[in-house]
Amino acid sequence: MKKILFVCLGNICRSPMAEFVMKDMVKKAGREDEFYIASAATSAEEIGNPVYPPVAKLLASHGIECHGKTARRLTNADYAEFDLIIGMDQSNMRNMRLFFDDTEGKLKRLMDYTDTPKDVADPWYTRDFGETWRDINEGCRALLETL
Ligand code: 4NP
């Protein structure tokens, strides 16, 4: 069982989008049993809040359900629990390194799995949820190919 934790600042936009896109991809690939997939925040800002409504709506428009997910914060126990801890941008990577020493090289940036390494577009600032959707799909597809 491969355990993957997606991480962003608030755990209401990018990392839950990655969590549910990745769950959908592994399901469609018939590989659901191989993975445990979750997401978490570096900040305490949104803890307990549901997926940001425009993100939930976008996921639903692609037939992906995220009902019941609420934001949770990273914990020190996550490093031992997960095989891969995947941030969305450089800022997430810096924050994650404050939580973890990364002695086992588990901390990765999603788009570094692609041929075009970059930060996932942050819709909190761009308001362009479609761009974030495209980045995350490309990143998750590339990630799944390595697993
Ligand atoms: P996320 O988006 O990190 O992709 O969940 C954000 C959510 C909340 C804030 C920023 C980004 N905020 O500043 O509260």
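Values reported hereafter were calculated over all heavy atoms of this structure, with side chains retained and with hydrogens, waters and symmetry mates removed. A quick note: this is a predicted structure, and the numbers were derived from the prediction, not measured. Atoms within a ligand are numbered from 1 in the order they appear, just like the ligands themselves.
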Enquirer: Cation-pi between Lys3 and Tyr36: NZ/CZ under 6.0 Å from ring centre and within 45° of the ring axis?
Expert: yes
Enquirer: For ligand 1, list all ligand N or O to protein N or O distances below 3.5 Å, rounded to 0.1 Å.
Expert:
{"from": "ligand 1", "atom 1": "3 (O)", "to": "Leu9", "atom 2": "N", "distance (Å)": "3.1"}
{"from": "ligand 1", "atom 1": "3 (O)", "to": "Gly10", "atom 2": "N", "distance (Å)": "2.8"}
{"from": "ligand 1", "atom 1": "3 (O)", "to": "Arg14", "atom 2": "NH2", "distance (Å)": "2.8"}
{"from": "ligand 1", "atom 1": "4 (O)", "to": "Arg14", "atom 2": "N", "distance (Å)": "2.9"}
{"from": "ligand 1", "atom 1": "4 (O)", "to": "Arg14", "atom 2": "NE", "distance (Å)": "2.7"}
{"from": "ligand 1", "atom 1": "5 (O)", "to": "Asn11", "atom 2": "N", "distance (Å)": "3.2"}
{"from": "ligand 1", "atom 1": "5 (O)", "to": "Ile12", "atom 2": "N", "distance (Å)": "3.0"}
{"from": "ligand 1", "atom 1": "5 (O)", "to": "Cys13", "atom 2": "N", "distance (Å)": "2.9"}
{"from": "ligand 1", "atom 1": "14 (O)", "to": "Glu46", "atom 2": "OE2", "distance (Å)": "3.3"}

Enquirer: Who are the ring-ring contact (aromatic ring centres under 6.0 Å, His included) partners of Tyr79, not counting sequence neighbours?
Expert: Phe100
Enquirer: Give a yes or no on whether a salt bridge exists between Arg141 and Glu138, defined as a side-chain N under 4.0 angstrom from a carboxylate O.
Expert: no
Enquirer: Name the atoms and distances for all side-chain donor-acceptor pairs under 3.5 Å in residues 54-68, with sequence neighbours left out.
Expert:
{"from": "Ser61", "atom 1": "OG", "to": "Leu58", "atom 2": "O", "distance (Å)": "2.6"}
{"from": "Glu65", "atom 1": "OE2", "to": "His67", "atom 2": "N", "distance (Å)": "3.0"}

Enquirer: Excluding sequence neighbours, so at least two apart, what forms side chain to side chain contact (heavy atoms under 4.5 Å, CB included) with Gln90?
Expert: Met93, Arg94, Arg109, Asp119
Enquirer: Whether Arg14 and Asp89 form a salt bridge (side-chain N of Lys/Arg under 4.0 Å from carboxylate O of Asp/Glu) is what I want to check.
Expert: yes
